[in-house]
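Here the structure is a predicted model, which is why all the values come from computation and not from measurement. Naming convention: chains lettered A, B, ... in sequence-line order (proteins, then strands); numbering from 1 in each chain.
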Amino acid sequence: MITTDELQINIGPQHPSTHGVFRMLITVDGETVVNLEPVFGYLHRNHEQLAEVNTYLQNMPYTDRLDYFNSMANNHAYALAVEKLAGIEVPERAEYIRVMMVELTRILNHAGAVGFMINDMGAWQTPLAFGIREREKILDLFEMVSGARMMCNYFRFGGVVRDIPDEFIPRLKKLLIAMPAYVDELERLLRENEILLARSEGIGILPREVAVSYGVTGPVLRGSGIAYDIRKAEPYSIYDRFDFDVPVGSVGDVYDRFLVRIEEMRQSRRILEQIIEQLPDASGGHINPKARQNVRPPVGDAYARVESPKGELGFYLVSDGGPKPYRYKVRAPSFINLTPLGDMCRGYKVADIVVILGSIDIVMGEVDR
Amino acid sequence: MSTTPDTSPSPRDLLREQLATVLPHTLVTLPDDLPELIRTADVIVHADALPEVVPFVIDQLGYGLLSDIAAVDYVEHGLFELVYRFYSIGGGGDLVIKVRVPREQPDVPSLLPILPGARLHEREAYDLFGIRFIGHPDLRRIYMWDEFEGFPMRKDFPKQGDNYIGEGA
Amino acid sequence: MSNDTLTHSITFTETPATLTVVVDPTPQITRGRAVVVERRRPKAAGWSLLQGLGVVVDHWRKSFRKLEDPTQIAGTFTTEYPEERLPLPEAYRNMPILLFDDATGHELCTSCFQCQRICPPQVIHMTQAKDPETGKPVPAVSEFIIEYDACMSCGFCAEVCPFDAIKMDHNYELSTADHSSLTVHKAGLLRPVSYYQSIAPTFWAEAEASAYKKLEANKKRRPASIGIAPQMIEQVKAAHKLGDGQPEAASPPAPVATAPAPDAGSAATPASNAALATSEGDLPTDKAARLAAIRARNEAKKAAEQSASPAASAAPTASDGDLPTDKAARLAAIRARNEAKKAAAQAATDPAQPAAEGAATALATPDAPLTDAPPAPATPDAPLDEKAARLAAIRARNAAKKAAQAEEE
Amino acid sequence: MYDVVDFLLNTQLGLNSPDWVVMLISHLIVVGMLFVVAPLQVLFLTYYERRAIARMQDRVGPNRVGYEGLLQPIADGVKMFTKEDIVPESADKRVHLLAPIVTAAPVMYMFAVLPWGPNMIAVDLPTGLLFFFAISSISTVGLLMAGWASNNKFALLGAMRAVAQVVSYEIPALLSLLFAVMFAGSMSLMAIVEAQGGLFISTTDVPSVPDLGLGWFVFTPVGFLAFVCFFIAALAEGERTPFDIPEADSEIVAGYMTEYSGMKFALFYLAQYILNFLLCAITATIFFGGWQGPGVAWLVNQSLSADNPAGNPVYNVLAGMLGTFYLLAKTYTFFFVMVALRGAFPRLRIDQLMNFGWKFLIPLTMINILSAALWLAITRWGTAQGFSIIEFAGEPGNLVRWVIAFAVTLVINVAAYWFLARLNVQDHVARQAALAAGWLAVSPPRSA
C-alpha cells in the first residue's frame, strides 16, 4: 500500500516573497499545508534596550527604523507618547502638518502593500511599479519637508522640525489630482480580474467572530468585517475634525483585505483635501516654543497609540524622572497581526501561503524590533 | 497615571468598582507608602486571579481586544510588572490591569486558553524577561536563538559596553 | 457566508443583577460611516482580463514620453542617474560638514561639545584647541572626527549647534573602497560658508546674522592662527603679506607674523579683566584665591599622573574619554571650588557670590559627567581661582585623552 | 533549396557533382542557417521582452550596453556562459548534465517543419503538424530529469508541476488545431498555409479581385475560437504567465531550474525562449496565414518556377523575403501579447490550472471541432455527399453558403463559451465556499 508522508519545507528566511527575513516552517502533505509555524528573530536588534540607553530625543531617529516603510507614523506615535508623559501641548498648525504627513504615509504604504501582494501572486511587478511611481511622488514631498525620503525624523516633542516650505501645498494638490486616477486604474487592472479572484477569494479567511480574540488590528481586522479604526474609536490629535469613512470587508479573506486597502487610499485622499482647506496660517508656529527637547518627564507611565497603516502602533513609556526612559515598549501591529497566520494558512496550498502573508502586510523591522 | 479626557467615570474606576462587587478576592490593595516609581492608580490583580478577571473583562465589560502585554522590570523593588491593556471595539479609552510578580519566581497563568491573541505577547515577555506563563502550549524564545541563556531586557543583564569592543586591540 | 448586519453581536453569559454591560462593543463611527467593500464579479467571463491587458498596453503606448508633472500617472519616470540628477530640496540632509568663513578662514566651531552629546550613535569626537603659549583652552576646535560610516544623518547635530558651525551636506556620493577614509577628520569636514549658502540659501539667510555675530566674538578670543581652517592657512599668510603695509581697519585679527606682541596682550587680558572684576580694594581675597588655585593645580597634576597611568592600562576606549580619569579630574575641580568658596566666603564680596553659583551650577550639570566645560565664553568675569580650577580639570582630561589617543594610534 | 544549389553547382560551375552531394550541401546550408537563426532569435526575444515589459511599467528597460541596449543580450549571454557551473554534491551527476540537453535538443527539431516563405521550408513533411507537437513533448522528459536530479525539494515540486501542466495542455492544443487539418485537408504545414490564400470571404478567388493572401482561418468563428484556445494552451506549454507555475519565483524559488547555473541554466533559458518563439510562429502559421499576405501571391506568379520557366529568379528571392517578413511580424505581435499578459496578470494555482484545462478548454475545443465539421458540410458538400438540404443555397463555395456557415458556427461557439464559463464560475465559487466552511470548523471555537 503506498504510504505518503509529510514533507517539511522552509519558506524563508531568505526567500523572494517573505517581505524581509521571516521564516515559515511548513509541513506539507502534497501541496496542501498541514501546519505552519512562523519563526522570528532574524532582524532582532533589541531596539527597546537601545532606547533605554538614549535620551527621549535621541530615540526619535531610531523610531524611523521600526516600520521603515512609513517612518512618519512611527514618529507620530512616539511623539504623542512622550507628549502625553511630559504634558506638552502642540500648536494647531503642527497638528495639521502631522496628520497630513501620516495620511500621505498611509497612501504610500497601501500602494506598496497592494503592489507587493499582487507581486507575490505572480504579476511581474506591474502593479508594484505603478505603486512605486506614486510612492516616489510622495517621497519627494517628504524629502522637501524633512530632508530624507524614508528616515524622516521629522517630528519633535511639541511640533515638527521645520515648517512646510511654500511650494509644498501646490505640489500636494497636484499629487491629489493624480491619486484617484491611479486608484481607478489599479481597480480597472485588478479588481474584477478572474485570476486575481481565483487566487484571493476565500483564501486566508479570518472570520469576524474570531478576529478580535486574535488581537489583530488595522486592515486585517477591518477586512474581517469589524469597523474598528482608532482614528474613529478613540480620536487622537485632530482626527475628530475630518469626515471620512471606514471601509470594511464582509468575508475576511485576502480579497477583502485587498479591497479595504484600496478604499483606504481614497479615504486618506479625502482627509488630505480637508486638511488643505482647514490648514491654519503660520502664526501659530510649527512647534511649541516652550517644549524643551531634552525632556525630563515626571515619574509615571503613559501609552499612546496611532492608527498606523498596518494597525495599532503603540508606545508604552515608563519614566523614573530621569532624561532616559526607564522602560520603552513598542506595540508593533505587524508583529501582532501575525498571530493568526498559523491558523489562517491551515488547509491551503503552498502558493496561497505566500499570498496570505502578503495580505497581512508585515515589515520585519517592526516585527523583530 | 494615564489621564482620560472624558468626564464619565473612567474605565479604571468602573473596572475597580465592578471587580469589587463581582470578584472582590482578586483585587490587590497597595500600601500607600510605596516608593514613587511603583506607586500607581491602576487596578492591580493577583497573578493567579487572571484567568477569572480576563473573561469577566472581555464578556461582561465588553473590552474584547487585548492590545498589549507590557512587562516592566523594577529591579530596585525586586518585582516584575505586567501591564495588560484592553480596548473595546465600541471605542473609547483603554482598560489597564496590572499584575506584579516577584523577580525570583515570575510565574503568571497564561491567557492563551482564553485569548489566542496573547500567544506572541507572552512568548516575547518570556524571551526578553524570563516570565514563565503556566499553561502556554509552546513557550519558546521568540527572538533569540533557543540556546541563548539569560534574558536580555532585564535591568541586571550584563551590558558588555565598551570593553567588549576593545578586547581585540 | 452569512452577511449579517454590521453590528457585531456578542452573546452574553447571564450577568449578575447588579452588573450592567458597561461598553456596548459595536463600533460607533462619527463623521463618516462604515462602508462594506463591494465584492464585484466580472460581467462576462474574460472581459476583465482584456480590460487589464488594455491598461498595460495603454501604459506601453504612453510611456514613450517622460512623466514630468505629478498630475500624470503614465509616462516614463526614470531619471538616468549619472547624466540626469533630481534637484535636491534645501532641507535634504546627508552627512554633517563644518563651516569656515571664506574671508577670514576662521572656523565657526568653538568646540562646545553640544553635537557630541546629542549624537545618538556617538560618532562625533572632538577636542578643544589650546593657546600654544599659555596652554589655556581657546574657543576653537583642534581635532574633530566624524565616523561617516556610523553616522545616520539624523540632523540632530545641525539642529542643536548654537554657532551654526555644523550643517548637513547634500553630497550622497560617498561610496569608497577603503573603510578608513570614512573616519573623516576636520580637514575633510570643512566647507566654506559660500558652499553651504549655495545649497541651502534660505536656511543660511536665517542663521547668518547670529552666526557671524558669535564668530566675531570668538575670533577676538582666538590667538594667532588657532581656529583657522587648515586649507585656509596659506591664503591667510598670503593675504597678510599683501596687506602688510596698509593698516586696514577690518584686517584679519592678529596676522600671524606680528602675532607675538598682541598675543601676549590677548593672553593677559583674561587675567587682567578677572583681576578687574574682583575690586582692587580687598587684596587678601585675591591672594587667597591665587593660593587656592596653585593648590588646585598641584592636585590636578597629581590626579593627572595617577589617571595617566591607569588610562594607559585601561582599555583604549573610543576617544570620548573613559570614566576613571574623568572622575579624578572632576574631584580636583570640586576640591578647588570648595577652597575658592571658603576664600570667597571670608571676603564676603557679593560679585564673587553670583559668579560662584554660576560656576557651581555650570559645573554640576548632572547629566553630562563627560564634559564639564560650560560654553567657554560664558561668565568671563568668574574669579581667577574658579577659572584656574576648571582649566586644571580640562587639562587633566585632555592629558588623559591624549594618552588614550596615543594608545590608539 | 535543392534546385538552387543544383543550379549553382552544376550549371554555373559545371562540376556536375552527383545528386547526393548536392542534396547534402543544400541540407547542410539549411541546417546551418537554422542553427544561426535560433540563438539570434533568442537573443532578440530576451531584449524585446525586457524592453516591452519595461515600457509597460513606465520604465525604460536596458539602454546602457550598446546603442539603446542592443548589446545587452550578448552581455547576458557572456555572463551566463562564464558563470561557474555549480552542481549540488548530492545531485545525480549524469542526469543533472543530461537534463538541459534533453530539454533543448527537441526544440531545435521543431524548426524543421516551420514554413518561412513560399516553398521555403526545411522539410515539407506531410505530417508536419503532428511532428511539431510530438517532438515538443520530449522536452518535458528533460524537465522531469532536471527536477529529480537536483535533489532539491523546490526543484522536485517544480518538476512535478511542470510535467502535469505541459502534459495536460497538449490535449486542448492539438484538439484546437484539428480544424485546420480538416480545412486544409492535409497535415503538412505548407498545405495549411497555402489553403489560407485568397480573400477571407470564401477563401476562393473572387474573379475581379487578385489573390490578396488574406484568407486566414482566424476570420471564421471556428478559427477564432480555435485560436483563443490554442493560444491559451500555448501559454501553458511555454510556461508563460498566467501559467508560469513550474518556475514560480514567489513560491518555489525557480522550480526545476533552481539548482542550475552557468551554461546549463543558459540552455534551459534558450530552450524556453525558442519554444515560445516557435509557439508564436505556429499560431501565426495556422491561424494568420504564416507568410501569406498581400503581394506574396503576385510575386510568386512572376517568379521562376517549373510551370513558369520565363520567370525572373529575383522575384523568388523577393517573395521569400516578403513572406518571411510577414511571418516574423505576426510572430512578434503574438510575442508582444505574451509579454503584455506577463505584465498584467497574476499566476494561477496549479489545481486551478488543471480545472481550467480539463473542464473548460478541452470541452470547448471538442465543440469547436463539431462546428468545424458543420462549416465544412455547409460550404462544401452537396447532394453527392447526402447533404441535400443545403442545395437551395447554390453550388459549393459561394457567398450564401459562407454566410449560413458563419452564422451557424458563430451561434454554436458563443453558446458553448457562455455555458462552459458559467459552469466553471459556479464550480469555483462552490469550491471556495467549501474551503471557507472547512476552515471555520478548524478554527478555535472561542467567540470574542
Side-chain angles (χ1 to χ4, degrees), chain A residues 54-55 57-62 126 130 133-134 136-137 140 143-148 151 153 161-162 165 171 174-175 177-178 181-182 185 188-195 197 201 208 225-229 232-233 240 242-251 255-256 259-260 263 294 323, chain C residues 1 3-4 6 8 10 25-43 45-49 51-56 58-59 67 69-74 77 86 88-94 118-121 152-156 159-160 168 202-203 366-367:
Chain A
N54 282 335
T55 65
L57 182 66
Q58 282 175 332
N59 281 332
M60 186 60 89
Y62 288 101
T126 313
F130 296 162
R133 182 197 61 233
E134 291 312 309
E136 284 306 317
K137 295 177 188 169
D140 292 346
E143 190 174 47
M144 186 195 306
V145 151
S146 71
M151 300 297 157
N153 187 15
V161 173
R162 60 178 68 81
R171 236 179 111 132
K174 278 198 189 136
L175 179 93
I177 295 166
Y182 156 71
E185 180 192 62
R188 226 182 28 250
L189 177 66
L190 289 172
R191 183 160 193 155
E192 293 156 8
N193 186 326
E194 267 102 348
I195 301 173
L197 286 177
E201 258 188 337
R208 172 211 309 261
I226 295 168
Y228 183 74
D229 183 331
K232 291 287 186 190
D240 45 17
F242 305 119
D243 309 333
F244 60 95
D245 298 339
V246 176
V248 161
S250 46
V251 172
Y255 188 56
D256 265 346
L259 293 176
V260 161
E263 195 49 37
N294 43 18
Chain C
M1 200 50 63
N3 195 343
D4 55 11
L6 195 65
H8 162 87
I10 282 193
T26 48
Q28 277 84 25
I29 312 282
T30 52
R31 293 190 71 147
R33 46 188 176 75
V35 169
V36 181
V37 285
E38 185 204 346
R39 297 167 66 96
R40 290 201 296 267
R41 284 202 69 78
K43 292 176 282 304
W47 169 246
S48 64
L49 293 179
Q51 230 180 2
L53 210 57
V55 164
V56 166
D58 176 45
H59 262 273
L67 176 141
D69 191 68
T71 53
Q72 295 163 310
I73 59 162
F77 69 104
L86 287 175
L88 290 179
E90 260 191 61
Y92 180 72
R93 48 182 162 86
N94 199 18
I118 195 69
C119 178
M152 57 180 177
S153 308
C154 61
F156 272 166
E159 265 174 50
V160 102
M168 300 309 280
T202 50
F203 290 163
D367 52 10

When [options] are compared by non-hydrogen pairs under 4.5 Å with chain A, the top option:
{"options": "G52(C), A74(C), G54(C)", "value": "G52(C)"}
{"options": "M152(C), E38(C), R93(C)", "value": "R93(C)"}
{"options": "I29(C), V37(C), D69(C)", "value": "V37(C)"}
{"options": "G155(C), C154(C), P121(C), P120(C)", "value": "P120(C)"}
{"options": "D58(C), L53(C), I73(C), L86(C)", "value": "I73(C)"}

Is it the backbone or the side chain of [X] that comes under 4.5 Å from a heavy atom of chain C, or both, or neither?
{"X": "E263(A)", "value": "side chain"}
{"X": "Y182(A)", "value": "both"}
{"X": "V145(A)", "value": "backbone"}
{"X": "F130(A)", "value": "side chain"}
{"X": "D229(A)", "value": "neither"}
{"X": "N54(A)", "value": "side chain"}
{"X": "M144(A)", "value": "both"}
{"X": "L57(A)", "value": "both"}
{"X": "L259(A)", "value": "both"}
{"X": "A148(A)", "value": "both"}

Heavy-atom pair with the smallest gap, counting every atom of [X] and [Y]:
{"X": "A91(C)", "Y": "E143(A)", "value": "CB-O, 4.2 Å"}
{"X": "I118(C)", "Y": "Q58(A)", "value": "O-NE2, 2.8 Å"}
{"X": "Q72(C)", "Y": "A178(A)", "value": "O-CB, 4.4 Å"}
{"X": "T71(C)", "Y": "K174(A)", "value": "CG2-O, 3.6 Å"}
{"X": "R40(C)", "Y": "L197(A)", "value": "O-CD1, 4.3 Å"}
{"X": "E136(A)", "Y": "F77(C)", "value": "CG-CE1, 3.9 Å"}

Once you round to the nearest 0.5 Å, how far does [atom1] of [X] lie from [atom2] of [Y]?
{"X": "Q51(C)", "Y": "E192(A)", "atom1": "CD", "atom2": "CD", "value": "6.5 Å"}
{"X": "K137(A)", "Y": "L67(C)", "atom1": "NZ", "atom2": "CG", "value": "5.5 Å"}
{"X": "R162(A)", "Y": "E90(C)", "atom1": "CZ", "atom2": "CD", "value": "9.5 Å"}

- Message: So which residue, G147(A), P165(A), P61(A), ends up with the most heavy-atom pairs under 4.5 Å with chain C?
- Response: G147(A)
- Top contributor to chain C interface from E201(A), E134(A), M151(A), M60(A) [non-hydrogen pairs under 4.5 Å]: E201(A)
- Would you say the side chain of R31(C) lies within less than 4.5 Å of the side chain of D240(A), judging by non-hydrogen atoms? no
- May I ask you to test the N153(A)-F156(C) pair for a side-chain heavy-atom distance under 4.5 Å? yes
- May I ask you to decide if G32(C)'s main-chain N or O and D243(A)'s side chain share a donor-acceptor pair within less than 3.5 Å? no
- Item | T30(C) backbone acceptor or donor facing K232(A) side chain under 3.5 Å | yes
